[in-house]
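These notes concern the structure reproduced below.
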Amino acid sequence: MPYIALEVVQEVKTMDLLTYLRNYEPSELVHFSGNTFTTRTYVNLKISNGKWIWWSEGIGGRSALDT
């Protein structure tokens with residue numbers, strides 16, 4: 001597993017998932033409807049209003065690292 005600097009981890013923890021995807025993986029982001037987005041890889045993952053929920057897994061959160 002590659003080393004990730006603590007500063008980077010702390011920055012990502014303060015970032016919502018939509019912002020993370022827009023900044024680091026824009027090709028993965030797909031507009032679903034209104035202000036809701038999903039990803040190419042995980043269509044059951046919905047991102048809206050600074051929160052995300054992965055319906056098929058029954059989990060959600062705010063930051064890019066929440067589980």
Side-chain angles (χ1 to χ4, degrees):
M1 175 183 288
Y3 174 78
I4 300 172
L6 182 58
E7 298 82 26
V8 173
V9 173
Q10 290 172 337
E11 178 184 353
V12 172
K13 282 185 176 182
T14 65
M15 188 181 299
D16 65 81
L17 183 56
L18 184 57
T19 301
Y20 171 82
L21 289 169
R22 282 182 173 155
N23 290 333
Y24 296 100
E25 297 185 45
S27 64
E28 183 68 16
L29 196 58
V30 177
H31 183 251
F32 184 72
S33 72
N35 65 345
T36 303
F37 292 83
T38 188
T39 64
R40 294 187 192 290
T41 305
Y42 302 104
V43 294
N44 288 320
L45 174 66
K46 300 299 185 262
I47 308 158
S48 180
N49 298 323
K51 298 178 184 177
W52 61 268
I53 187 161
W54 192 357
W55 292 102
S56 63
E57 300 297 318
I59 58 174
R62 284 192 175 277
S63 87
L65 296 179
D66 286 346
T67 57

Please check this pair: side chain of Glu28 against backbone of Leu21, looking for a donor-acceptor N/O pair closer than 3.5 Å.
no
Counting N and O atoms only, with roles assigned by atom type, does the side chain of Thr38 sit under 3.5 Å from a partner on the main chain of Leu45, one being a donor and the other an acceptor?
yes
In Å and rounded to the nearest 0.5 Å, what is the [atom1] to [atom2] distance from [X] to [Y]?
X: Ser48; Y: Leu17; atom1: OG; atom2: CG; answer: 12.0 Å
X: Leu18; Y: Asn49; atom1: CG; atom2: CG; answer: 10.0 Å
X: Ile53; Y: Thr36; atom1: CD1; atom2: OG1; answer: 12.0 Å

Taking the side chain as every heavy atom from C-beta outward, state whether Thr14 and Gln10 have any atom pair closer than 4.5 Å.
no
Considering only heavy atoms from C-beta outward, does the side chain of Thr39 approach that of Glu25 to under 4.5 Å?
no
Hphob cluster co-occupancy, [X] + [Y], side-chain heavy atoms under 4.5 angstrom:
X: Trp55; Y: Leu29; result: no
X: Ile59; Y: Ile47; result: yes
X: Trp54; Y: Val30; result: no

Any chance NZ of Lys46 has more than 12 other-residue heavy atoms, nucleotides or ligands included, within less than 6.0 Å?
yes
Shortest non-hydrogen pair, Arg22 vs Phe37, comes out as NH2-CZ, 3.6 Å
